[in-house]
Amino acid sequence: MNKQIVHDALILTAFTLVLGLILGVVYGITKEPIDNANAEAARQAYQAVFADADNFNQQDYDVDAANKMVADAGYNDTIDDVEQAVDKDGNVLGYVITVTAKDGSQGSITFSVGICNDGTVNGYSITDIGETPGLGMKAEDEEFYSQFQNKKVSAFTVVKQTPASDDQIEAITGSTITSKAMANGCNAAIYYFQNALGGAQ
C-alpha cells in the first residue's frame with residue numbers, strides 16, 4: 001500500500017515537473033511577441049490621440065501618489081502610464097495619460113487620453129474593454145468618443161439630453177454607467193495633468 005502511494009507520488013511529481021518545464025518554455029517563446037504586440041497597441045493608442053506627435057517619451061512618476069491623488073479627488077480610476085508627446089524637433093506637444101476606469105458596467109476599461117499643453121483634450125483611445133456589445137461597447141464608436149475631442153474643459157459631465165456646452169457628454173442610450181466611466185476616466189486624466197504635470201501652459 002505504502003509503495004503504491006510513493007510510486008503514485010513520484011509519477012505525479014515527475015508529471016508536474018515536466019508540465020512546469022513545458023510551460024516555462026512556452027512562456028519564454030511567447031513573452032517577447034506578446035510584449036511587442038502590447039507595446040504596438042499602446043503606441044497606436046497614443047498616436048490616435050496625438051496624431052501630430054512624432055514620438056512619445058515615457059515619464060517616470062510615482063504610481064501610488066498618482067492613484068492617491070485621483071482617488072482623493074473622487075475618481076475610481078488608476079493612472080497606468082504617462083507619456084510626453086513630442087514633435088520631430090523634440091518640442092513637447094502635451095501628454096498621453098493612460099487610465100483604467102474601475103466603474104464600467106462589466107468591469108474595468110483601460111484607455112489613453114491625449115491632452116495638449118494648453119489643456120485641450122484631443123480625445124481617448126481604448127486599449128481594453130469588455131462592456132456589453134451593442135450597449136457599453138459603443139464607447140468605441142465615433143458618435144460617442146468624438147464628444148471628447150478638441151474640448152478644453154476642467155471636467156466632463158454625462159447628460160441624457162443633447163449637450164448644451166463643451167463639458168457635457170450625451171450618454172450612450174441604455175449605458176449610462178459606461179458613459180460615466182469614460183467621462184470619469186478622462187476627468188481623472190485631466191485632474192492629474194492639471195495637478196501633477198503643470199497644467200495648461
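Everything numeric here is computed off the predicted structure, so don't read it as measured data. By convention here, the first residue in the shown sequence is residue 1.
To the nearest 0.5 Å, atoms CD (Gln106) and CG (Leu135) are separated by 9.0 Å. To the nearest 0.5 angstrom, Gln147 atom CD is 8.5 Å from Ser179 atom OG. Here Asp103 contributes atom CG and Met182 contributes atom CE; the two are 10.5 Å apart, rounded to the nearest 0.5 Å. Rounded to the nearest 0.5 Å, atoms CD (Gln149) and NZ (Lys151) are 9.0 Å apart. To the nearest 0.5 Å, atom CG of residue Asp54 and atom NZ of residue Lys88 are 8.5 Å apart.
Closest heavy-atom contact between Val121 and Ile190: CG2-CD1, 3.7 Å. Closest non-hydrogen pair, Tyr95 versus Phe50, comes out as O-CE1, 3.5 Å. Gln168 and Val159 make their closest contact through CD-CG1, 3.9 Å (heavy atoms, listed as atom of the first residue, atom of the second, distance). Between Thr110 and Thr98, the shortest heavy-atom contact is CG2-CG2, 3.8 Å. Listed here is the closest heavy atom pair of Thr78 and Asn67: CA-OD1, 3.3 Å. The two residues Asn122 and Cys116 have their closest heavy-atom pair at OD1-SG, 3.2 Å.
Gln58 contributes no side-chain N or O that, together with a main-chain N or O of Val82, makes up a donor-acceptor pair within less than 3.5 Å. Remark: side-chain polar atoms of Asn195 are paired, donor with acceptor, to backbone N or O of Tyr191 under 3.5 angstrom. Checked by atom type and distance alone, the side chain of Asp62 pairs as donor or acceptor with a backbone atom of Ala65 at under 3.5 Å.
In this structure, Ile79 and Ile97 have side chains that are in contact, with non-hydrogen atoms separated by less than 4.5 Å. With contacts defined as side-chain heavy-atom distances shorter than 4.5 Å, the pair Ser175/Lys138 does not qualify. For the pair Ile115/Thr120, no side-chain contact is recorded, criterion being any heavy-atom separation below 4.5 Å from C-beta on. Put simply, the side chain of Asn55 reaches to within 4.5 Å of the side chain of Arg43, judged on heavy atoms. No side-chain heavy atom of Met137 sits less than 4.5 Å from a side-chain heavy atom of Thr132. Under the 4.5 Å side-chain criterion, counting only non-hydrogen atoms from C-beta, Ile109 is in contact with Glu131. Looking at heavy atoms from C-beta onward, Asp128 lies out of side-chain contact with Ile126 at the 4.5 angstrom threshold. By the 4.5 Å heavy-atom criterion applied to side chains, Asn184 and Asp77 are counted as neighbours.
Hydrophobic cluster membership is shared by Ile172 and Ile169, with clusters built from Ile, Leu, Val, Met, Phe, Trp and Tyr side chains linked at under 4.5 angstrom. The same ILVMFWY cluster, assembled from side-chain heavy atoms under 4.5 Å apart, contains both Met69 and Leu197. Residues Val49 and Val92 do not share a hydrophobic cluster, clusters being chains of Ile/Leu/Val/Met/Phe/Trp/Tyr side chains in contact below 4.5 Å. No chain of hydrophobic side-chain contacts below 4.5 Å, direct or via other Ile, Leu, Val, Met, Phe, Trp or Tyr residues, connects Ile129 to Val96.
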For the pair Phe56 and Gln47, evaluate side chain to side chain contact (heavy atoms under 4.5 Å, CB included) and give the outcome as yes or no after the intermediate values.
-> CA-CA 9 Å; Phe56 300 94; Gln47 204 73 62; 3.6 Å; yes

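Contacts of Tyr124 classified as ring pair (Phe, Tyr, Trp, His ring centres under 6.0 Å), with partners at least two apart in sequence or in another chain: Phe111, Phe148. Among residues two or more places apart in sequence or in another chain, the ring pair (Phe, Tyr, Trp, His ring centres under 6.0 Å) test is passed with Tyr145 by none.
Salt bridge Lys68/Asp64: absent, no basic N to carboxylate O contact under 4.0 Å.
In this structure, Glu142 places its CD atom where only 12 or fewer heavy-atom neighbours from other residues, nucleotides or ligands lie under 6.0 Å away. Annotation: Ile177, atom CD1; neighbour count of heavy atoms from other residues, nucleotides and ligands within 6.0 Å does not exceed 12. Shown here is Asp89, whose CG atom has more than 12 heavy atoms of other residues, nucleotides or ligands within 6.0 Å.
Under 3.5 Å, the side chains of Tyr46 and Asp81 contain a donor-acceptor pair of N or O atoms. A donor-acceptor pair shorter than 3.5 Å can be found between the side chains of Thr100 and Asp80. Defined by atom type and a distance below 3.5 Å, a donor-acceptor pair is missing between the side-chain atoms of Thr162 and Glu170.
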